[in-house]
Amino acid sequence: MASLLLVRLQCSDRESVLGSDTVEIVAWVNGVANRVNVGDMDAGQTRAINREIRFNHSVVVQVNETTGLNAQLGEFTVTQAGASTAEQRRQMTDDSSFDYTLWYRVVPGESSEEVRGAQEAQQREEERRQAERVTTTGGRPLGNGCVGSGAVECDQGQLIVQVRTPDGQPIDGATVSANGAGPLSAANGRYDFGLRPPGAYQIVASKTGYSPRRVEAQATVRKPRTVAEVHLSPVRGVRVAPAAPGYRQFVNMAQGNNASHFGRQIEITATVDPPTEGVRVHFTLDPDGNGDRLAGAPDADPNNRRNLPADQKASLTPASDVTDVHGVARTRLTLSTFGGDRFRVGASLTAGNPPSTYSGWFTVWRMLFFDVVEMERPSGGGVYEMKPAILTAVRAGMADVFIQLEDTGVRTRGPHVRNFETPEAGFQWAEDDDRTSDVRVPQKLHLAVIDSACPGSGTYGPQPLDEAEAITTTGVSTFTIFPHDFAGDDSWLLSAQYQDGATWRDFAAGKVRPVGARGTRPVRFDFSGATVAPTAAQPVNVKIRYRKAFRATGWGGSNSLHLLICRGVFEDMMTVETADRRIVGTALHEPGHALGLVPASAAWHDAAHTRHCTTNTCHMWYENTPARVEFHPAGCGDTLRGVDLTAAALQPRWRFPRS
């Protein structure tokens with residue numbers, strides 16, 4: 001009695017089986033080989049799928065009915081037409097280019113078409129039966145790799161993974177694992193895990209530059225060979241979130257979520273295209289070749305003028321990261337502490353390769369705040385003010401050394417005081433009656449615009465000077481003086497004499513006075529009661545010794561963020577318009593002192609004028625002249641760019657301690 005064994009063969013090999021090839025199937029049935037020549041494949045039996053040639057072909061094998069029929073495909077061979085040598089004959093037993101399905105036997109008389117109609121039910125039954133047990137006798141090879149000898153149970157199935165691109169191209173060099181086994185790699189895109197127990201397998205395939213994929217495959221005895229296809233999509237590129245043009249990061253300010261521009265650390269994100277999870281992105285720190293001012297370079301780098309300690313240099317960590325479900329990888333850029341340094345971050349998909357994309361430049365800046373207290377002028381004449389145009393110019397000067405001045409908006413006013421004979425008295429006036437707010441202390445400059453602060457003693461006290469002249473009938477000198485006191489008494493005058501023949505005689509008290517109420521002015525000599533009187537024809541020689549005030553235009557100094565701007569002194573010496581221009585220099589000069597300029601150790605320190613710069617174009621030159629236009633870049637400028645402006649560093653410099 002005969003039965004029909006229906007075999008369906010599907011070819012998915014990239015070396016397509018075309019009309020010139022012949023397919024032969026050998027089916028082992030109860031230990032007996034049944035060979036069936038499928039015959040030539042014609043074009044009507046092939047179809048193109050994803051650039052591959054695939055075909056389905058059903059073969060009916062007639063076998064003799066015996067009790068307990070067991071059938072298993074043993075091998076495939078594909079022979080080119082006319083082939084005779086072994087090299088032209090391919091054994092397909094261990095090559096999963098062919099996937100096959102063995103349908104259960106059918107009773108005599110049923111046609112292959114009827115078998116096809118009953119395929120689904122028969123296949124389910126066959127799968128159930130084979131899942132329970134596959135037994136072979138006679139020691140014949142079976143298609144799932146088992147070799148029977150007597151009655152042997154075979155409960156494993158061969159697991160093969162094929163890695164391809166979405167359009168069917170095999171991917172070389174991918175890494176594949178199955179339930180943690182592996183990883184394996186191969187050059188042809190095929191990964192053979194050998195015999196595996198039945199069950200579900202998590203297949204993970206990945207390769208640099210491709211989006212990783214996870215699939216689930218079944219490897220069971222009912223399907224002796226499982227081929228799991230995994231498609232990896234190539235990642236086309238990566239882009240780094242750019243920095244806005246002119247981006248400033250204020251490294252001296254406390255890091256905070258509410259101020260992304262504060263702090264030394266910046267999170268850098270890179271997104272792969274298309275967004276893909278599990279792709280490793282490699283980051284690179286790129287410093288600007290900023291000449292001898294670059295502080296991010298290694299110690300051995302001659303460009304690292306500042307030679308900053310390691311914890312003050314720039315760094316990037318981690319050097320690589322794996323993208324999340326949104327295709328985003330992250331790293332953290334820590335900027336250097338040196339104002340003006342610039343850094344950008346590059347990203348690539350391959351370690352060691354030059355970055356394919358950059359973030360744009362992040363520039364190191366520092367931020368300081370300021371507020372102003374203004375003094376009332378005498379007799380209700382307004383205030384000694386800090387004009388907006390002056391503040392604009394001061395901001396620009398500080399920006400040259402990468403310090404951004406921010407106005408707190410606090411303005412207070414204090415009563416007029418003609419002169420503070422100690423700077424401390426002026427600082428205390430600026431603090432009295434809560435004229436200094438707590439806003440942004442200690443990272444704040446407090447600018448007090450006052451009349452005068454000419455010390456009455458000490459290093460900057462008045463100096464004795466001599467003046468002499470031949471006085472005519474007007475009695476007024478052509479020389480001018482800047483006396484120390486402004487009270488209208490004679491305390492400024494040390495001595496005054498006139499010449500009578502060969503004798504020098506003293507003027508009586510009150511007979512010699514400055515002309516006018518304040519400022520640099522001439523001196524009037526009253527000869528009433530004197531033994532001689534000047535005429536145009538006979539002038540009288542006079543000489544005086546007086547105390548000349550130190551004309552301080554501003555006060556700051558080390559360990560003080562309170563700054564005095566002596567607008568009254570400026571206006572005593574020059575026009576208001578000229579005073580406005582000169583005040584800009586003072587409002588930059590005094591903060592320079594407050595922030596530590598000029599240290600005695602500096603090569604540009606002016607020993608003749610302590611804590612001043614030897615460069616006459618620098619804001620730190622000892623005289624306030626129109627030529628002072630910058631913080632000298634190679635000296636005072638670089639020093640200011642490296643000054644620590646964090647709150648911890650500035651707290652001791654706040655003269656009146658606050659929390």
Side-chain angles (χ1 to χ4, degrees), residues 246 248 250 253 261 339 365-417 426-427 429-431 433-453 552-556 560-595 618-620 624-631 637 640 645:
R248 298 179 178 185
F250 301 100
M253 305 303 292
H261 285 246
W365 278 76
R366 284 80 47 76
M367 181 177 286
L368 283 179
F369 297 83
F370 71 91
D371 56 27
V372 178
V373 56
E374 297 168 323
M375 177 180 280
E376 295 176 349
R377 292 176 181 268
S379 305
V383 296
Y384 290 111
E385 61 182 332
M386 181 65 79
K387 297 179 180 179
I390 294 175
L391 290 175
T392 297
V394 171
R395 287 194 188 96
M398 282 296 185
D400 287 343
V401 290
F402 300 92
I403 295 175
Q404 180 169 310
L405 284 182
E406 287 289 317
D407 194 341
T408 65
V410 175
R411 294 290 186 276
T412 55
R413 181 177 298 185
H416 180 261
V417 176
F427 297 138
W429 173 89
E431 174 68 12
D433 302 323
D434 293 325
R435 296 190 190 109
T436 301
S437 74
D438 290 332
V439 177
R440 292 297 183 180
V441 172
Q443 289 173 289
K444 180 176 73 171
L445 301 175
H446 182 54
L447 306 177
V449 187
I450 63 172
D451 190 336
S452 302
T553 56
W555 291 97
S560 174
L561 297 178
H562 286 271
L563 308 172
L564 302 180
I565 309 298
C566 302
R567 187 175 183 98
V569 174
F570 279 110
E571 294 183 1
D572 282 343
M573 296 187 295
M574 59 194 70
T575 66
V576 172
E577 292 76 13
T578 303
D580 287 346
R581 292 194 296 272
R582 296 291 185 86
I583 288 173
V584 172
T586 297
L588 289 165
H589 181 96
E590 299 307 336
H593 281 315
L595 299 176
C618 181
H619 291 307
M620 301 311 296
N624 189 333
T625 68
R628 299 198 316 186
V629 294
E630 64 179 349
F631 289 107
L640 274 183
L645 300 183

Test of understanding: with side chain to side chain donor-acceptor pair (under 3.5 Å), list the residues that count as partners of [X], not counting sequence neighbours.
X    : answer
Q443 : none
N624 : T586
S379 : none

[X] versus [Y], closest heavy-atom pair with distance:
X    : Y    : result
V569 : S452 : CG2-OG, 3.4 Å
H261 : R248 : ND1-O, 2.7 Å
W365 : A399 : CH2-O, 3.7 Å
F370 : L447 : CD1-CD1, 4.3 Å
C566 : W555 : SG-CD1, 4.3 Å
A453 : L564 : CB-CD1, 4.4 Å

Do the non-hydrogen side-chain atoms of [X] and [Y] ever get within less than 4.5 Å of each other?
X    : Y    : result
M573 : T553 : yes
L561 : H446 : no
E406 : R395 : no
R567 : I390 : yes
L595 : L368 : yes
V383 : R411 : no
Y384 : I565 : no
R581 : M574 : no

Steps toward side chain to side chain contact (heavy atoms under 4.5 Å, CB included) verdict (L588, R628): CA-CA 10 Å; L588 289 165; R628 299 198 316 186; over 6 Å; no
Determine, step by step, whether M620 and H593 satisfy the side chain to side chain contact (heavy atoms under 4.5 Å, CB included) criterion, reporting the C-alpha distance in whole Å, the side-chain angles of both residues, the deciding distance to 0.1 Å, and the verdict. CA-CA 8 Å; M620 301 311 296; H593 281 315; 3.5 Å; yes
Give, for atom [atom1] of [X] and atom [atom2] of [Y], the distance between the pair rounded to the nearest 0.5 Å.
X    : Y    : atom1 : atom2 : result
F427 : H562 : CZ    : NE2   : 8.0 Å
L405 : F369 : CG    : CZ    : 10.0 Å
D434 : T412 : CG    : OG1   : 9.5 Å
D580 : T575 : CG    : OG1   : 8.5 Å
E376 : H416 : CD    : NE2   : 9.5 Å
M253 : Q404 : CE    : CD    : 10.5 Å

Closer than 3.5 angstrom, by distance alone: can the side chain of K444 be matched with the main-chain N or O of V439 as a donor-acceptor pair? yes
Keeping H619 on the side-chain end and H589 on the backbone end, is there a donor-acceptor pair under 3.5 Å?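 No.
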Looking at E385, M386, R435, which hits side-chain contact (heavy atoms from CB on, under 4.5 Å) with V372?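 Going through the options one by one, the only one that passes is M386.
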